[in-house]
Chemist: 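So that we are looking at the same thing, I have put the structure below in structure tokens.
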Amino acid sequence: MKRFSCPTCGNDVHFENTQCLSCGAALVYVPEARQMLVLIGEACANRAAIHCNWPAVDGPLCECCAATETIPDQTIAANATRWSRIEEAKRRLYYSLISLGLPREQDELELRFRLLGDVQEADGSVSPVLTGHEDGLITLNIAEADDDEREARRLTLGEPYRTVLGHLRHEVGHFYWDVLVKGRDEAGFTALFGDASQDYQQALERHYAQGAPVDWPGHHVSAYAAAHPWEDFAETWAHYLHMVDGLETASRFGLGPQIDAYRGADPAELVAAWMPLSVAMNEMNRAMGQSDFYPFVLPVPVTEKLAYIHRLIHG
């Protein structure tokens with residue numbers, strides 16, 4: 001993430017700001033320019049409802065908000081906050097996708113989102129919403145926007161890391177497998193990630209019943225990545241976005257190497273810069289009594305997968 005300043009007074013502003021807290025100027029983030037500007041034209045129609053600070057594009061909504069086909073049921077009071085939190089994370093996702101020059105639609109595929117809550121049935125039972133991806137449509141359970149619920153699920157599943165932005169980065173990886181790999185470089189993918197033709201549902205059932213193989217840390221970025229090659233790709237894709245956005249943020253604040261992480265730096269250079277930075281940030285978090293900032297290890301097979309994703313994007 002870049003460092004932003006108010007175009008009127010030069011005061012530091014954040015990516016989420018709709019207004020400069022110093023001079024009061026109304027602000028809008030223009031994604032194509034990657035700049036914060038003074039609001040002049042039409043703002044996204046969701047500006048008042050969820051504090052979206054992007055401009056309207058070809059209609060009342062910005063590109064990011066328009067990609068959401070289904071918003072949470074607004075007759076439930078807490079859902080306004082959940083919707084706002086998810087869309088805020090989604091704008092950070094779109095910042096990365098646009099910065100990397102990645103298409104949000106290609107051929108017959110278009111990136112879309114549904115934000116749904118679990119359904120209370122008449123008999124008292126609950127029909128859960130499963131977060132996932134299918135043919136460009138990403139479904140996200142809005143419970144992930146509640147810190148207590150998300151933390152409970154993280155502990156139940158034994159995950160070291162679980163965030164709304166992390167979910168979005170993972171699920172969009174499945175979309176880009178369809179866009180960049182399927183029918184284009186499946187041989188290259190198979191050589192690194194494995195044979196994706198194995199039954200996906202059976203692989204997930206086996207993972208949840210038996211857990212990951214004991215040797216997964218030597219080959220995968222997370223235990224879940226060992227479930228199936230598609231999940232390995234999506235997990236690695238998410239970590240690539242963690243890395244480039246983290247490195248850009250650090251460099252804009254004078255931390256670590258001053259490299260342009262989004263504009264095609266060598267993948268080995270990215271990993272070499274990311275590792276010491278993430279270790280330092282882990283220690284900073286521990287110094288504050290918090291859990292690790294980046295609780296992951298990147299063995300050589302994972303760095304090779306990250307380099308593959310880098311080549312896909314910049315190729």
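In this chain, residues are counted from 1 in sequence order. The figures that follow rest on heavy atoms only: side chains count, while hydrogens, waters and symmetry mates do not.
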Chemist: On the 0 to 90° scale, with breaks at 30° and 60°, tag the W54-Y94 ring pair as parallel, tilted or perpendicular.
Modeler: perpendicular
Chemist: Can a donor-acceptor pair be found, under 3.5 Å and without considering hydrogens, that links the side chain of K2 to the backbone of R34?
Modeler: yes
Chemist: Is it true that K182 and D135 make a salt bridge, defined as a side-chain N closer than 4.0 Å to a carboxylate O?
Modeler: no
Chemist: So for atom CD, which belongs to E108, do other residues, nucleotides or ligands contribute more than 12 heavy atoms lying within a distance under 6.0 Å?
Modeler: no
Chemist: Enter the distance from I86:CD1 to L168:CG here, rounded to the nearest 0.5 Å.
Modeler: 8.0 Å
Chemist: A side-chain contact here means heavy atoms from C-beta on lying under 4.5 Å apart; do E110 and R104 qualify?
Modeler: no
Chemist: Nearest 0.5 Å, please: how far is CG in D118 from CG in N141?
Modeler: 4.5 Å
Chemist: Under 4.0 Å between a Lys/Arg side-chain N and an Asp/Glu carboxylate O for E283 and R286?
Modeler: yes
Chemist: Consider ring-ring contact (aromatic ring centres under 6.0 Å, His included). Of Y240, Y294, F296, which one does W274 pass it with?
Modeler: Y294
Chemist: Count I, L, V, M, F, W, Y as connected when their side-chain heavy atoms are under 4.5 Å apart, and connections chain through other members. Are Y29 and L37 then in the same cluster?
Modeler: no
Chemist: Please collect all ring pair (Phe, Tyr, Trp, His ring centres under 6.0 Å) contacts where either partner lies in residues 61-86, sequence neighbours excluded, each pair once.
Modeler: none
Chemist: When you measure from the side chain of T156 to the backbone N and O of A152, does any donor-acceptor pair fall under 3.5 Å?
Modeler: yes
Chemist: Is the W230 ring parallel, tilted or perpendicular to the H228 ring (thresholds 30°, 60°)?
Modeler: tilted
Chemist: Taking a hydrophobic cluster as the set of Ile, Leu, Val, Met, Phe, Trp and Tyr residues connected by side-chain heavy atoms closer than 4.5 Å, whether directly or through intermediates, do F233 and Y200 fall within one such cluster?
Modeler: yes
Chemist: Distance check, rounded to the nearest 0.5 Å: L97 atom CG versus K90 atom NZ?
Modeler: 10.5 Å
Chemist: Ignoring hydrogens and angles, write down the donor-acceptor pairs under 3.5 Å from the side chains of residues 38-50, residues two or more places apart or on other chains.
Modeler:
from	atom 1	to	atom 2	distance (Å)
R47	NH1	L27	O	3.0
R47	NH2	T18	O	2.7
R47	NH2	L27	O	2.9

Chemist: Evaluate R114 against I138 for side-chain contact (heavy atoms from CB on, under 4.5 Å), listing each step before the verdict.
Modeler: CA-CA 6 Å; R114 295 189 306 170; I138 291 173; over 6 Å; no
Chemist: With a 4.0 Å cut-off, would you call E149 and R162 a salt bridge?
Modeler: no
Chemist: Quick one: are the ring centres of H242 and H239 less than 6.0 Å apart?
Modeler: yes
Chemist: Please determine whether side-chain hydrogen bond (donor to acceptor under 3.5 Å, both in side chains) holds for the pair H207 and E231, giving the CA-CA distance in whole Å, both sets of side-chain angles, and the decisive distance to 0.1 Å.
Modeler: CA-CA 11 Å; H207 173 79; E231 297 302 340; over 6 Å; no
Chemist: Report yes or no: does Q106 contribute a side-chain atom to a donor-acceptor pair with the main-chain N or O of P103 at less than 3.5 Å?
Modeler: no
Chemist: Do N53 side-chain atoms and N17 backbone N/O form a donor-acceptor pair below 3.5 Å?
Modeler: yes
Chemist: Treat each ILVMFWY residue as a node, draw an edge where side-chain heavy atoms are under 4.5 Å apart, and state whether L137 and L93 are in one component.
Modeler: no
Chemist: Answer yes or no: is there a donor N or O on one side and an acceptor on the other, between the side chain of S5 and the main chain of D12, under 3.5 Å?
Modeler: no
Chemist: Apply side-chain contact (heavy atoms from CB on, under 4.5 Å) to Y161 and S222, showing your working.
Modeler: CA-CA 10 Å; Y161 167 92; S222 69; over 6 Å; no
Chemist: Within 45° of the axis and under 6.0 Å from the centre of the six-membered ring of F4, does NZ or CZ of R252 qualify?
Modeler: no
Chemist: Under 4.0 Å between a Lys/Arg side-chain N and an Asp/Glu carboxylate O for E69 and R112?
Modeler: yes
Chemist: Determine all donor-acceptor pairs shorter than 3.5 Å in which one atom belongs to a side chain in residues 211-220; sequence neighbours excluded.
Modeler:
none

Chemist: So, Q19 side chain and G24 main chain: donor-acceptor pair closer than 3.5 Å or not?
Modeler: yes
Chemist: Do V164 and V129 sit in the same hydrophobic cluster, where Ile, Leu, Val, Met, Phe, Trp and Tyr count as joined when their side-chain heavy atoms come under 4.5 Å apart?
Modeler: no
Chemist: For residues E151 and R154, determine if any side-chain heavy atom of one lies less than 4.5 Å from a side-chain heavy atom of the other.
Modeler: yes
Chemist: Is there a donor-acceptor contact under 3.5 Å from the side chain of D73 to the main chain of T75?
Modeler: yes
Chemist: For F113, give me all partners under ring-ring contact (aromatic ring centres under 6.0 Å, His included), at least two apart in sequence or on another chain.
Modeler: none
Chemist: Tell me every residue that passes ring-ring contact (aromatic ring centres under 6.0 Å, His included) with H133, counting only those two or more places apart in sequence or in another chain.
Modeler: none
Chemist: To the nearest 0.5 Å, what is the distance between OG1 on T81 and CG on D146?
Modeler: 9.0 Å
Chemist: Nearest 0.5 Å, please: how far is CG in N282 from OG in S291?
Modeler: 9.0 Å
Chemist: Taking only residues two or more places apart in sequence, or in another chain, which ones meet E16 in a salt bridge (charged side-chain N to carboxylate O under 4.0 Å, His left out)?
Modeler: R92
Chemist: Could you please spell out the steps behind the side-chain contact (heavy atoms from CB on, under 4.5 Å) verdict for C6 and S22?
Modeler: CA-CA 9 Å; C6 174; S22 178; over 6 Å; no
Chemist: Looking at side-chain heavy atoms only, is the closest gap between L115 and T70 below 4.5 Å?
Modeler: no
Chemist: Check this for me: does any side-chain nitrogen of one of E144 and R153 sit under 4.0 Å from a carboxylate oxygen of the other?
Modeler: yes
Chemist: Are R169 and D245 close enough for a salt bridge, meaning some N to O gap below 4.0 Å?
Modeler: yes
Chemist: In the structure I gave you, are the side-chain heavy atoms of C52 and R91 within less than 4.5 Å of one another anywhere?
Modeler: yes
Chemist: Any luck finding a side-chain donor-acceptor pair between E87 and T68 under 3.5 Å?
Modeler: yes
Chemist: Apply the test side-chain contact (heavy atoms from CB on, under 4.5 Å) to residues L102 and L180: give CA-CA distance (whole Å), side-chain angles for both, the deciding distance (0.1 Å), then the verdict.
Modeler: CA-CA 10 Å; L102 288 164; L180 300 175; 4.2 Å; yes
Chemist: Checking T163 side chain against G166 main chain: does a donor-acceptor pair fall under 3.5 Å?
Modeler: yes
Chemist: Where do Y95 and E248 land on the side-chain hydrogen bond (donor to acceptor under 3.5 Å, both in side chains) test, with the steps shown first?
Modeler: CA-CA 12 Å; Y95 172 92; E248 183 185 57; 2.6 Å; yes
Chemist: So do F193 and K305 actually touch side chain to side chain, heavy atoms under 4.5 Å?
Modeler: yes
Chemist: Look at the side-chain heavy atoms of Ile, Leu, Val, Met, Phe, Trp and Tyr, link any pair under 4.5 Å apart, and say whether L61 and V28 land in one connected group.
Modeler: no
Chemist: Enter the distance from I313:CD1 to Y308:OH here, rounded to the nearest 0.5 Å.
Modeler: 11.0 Å
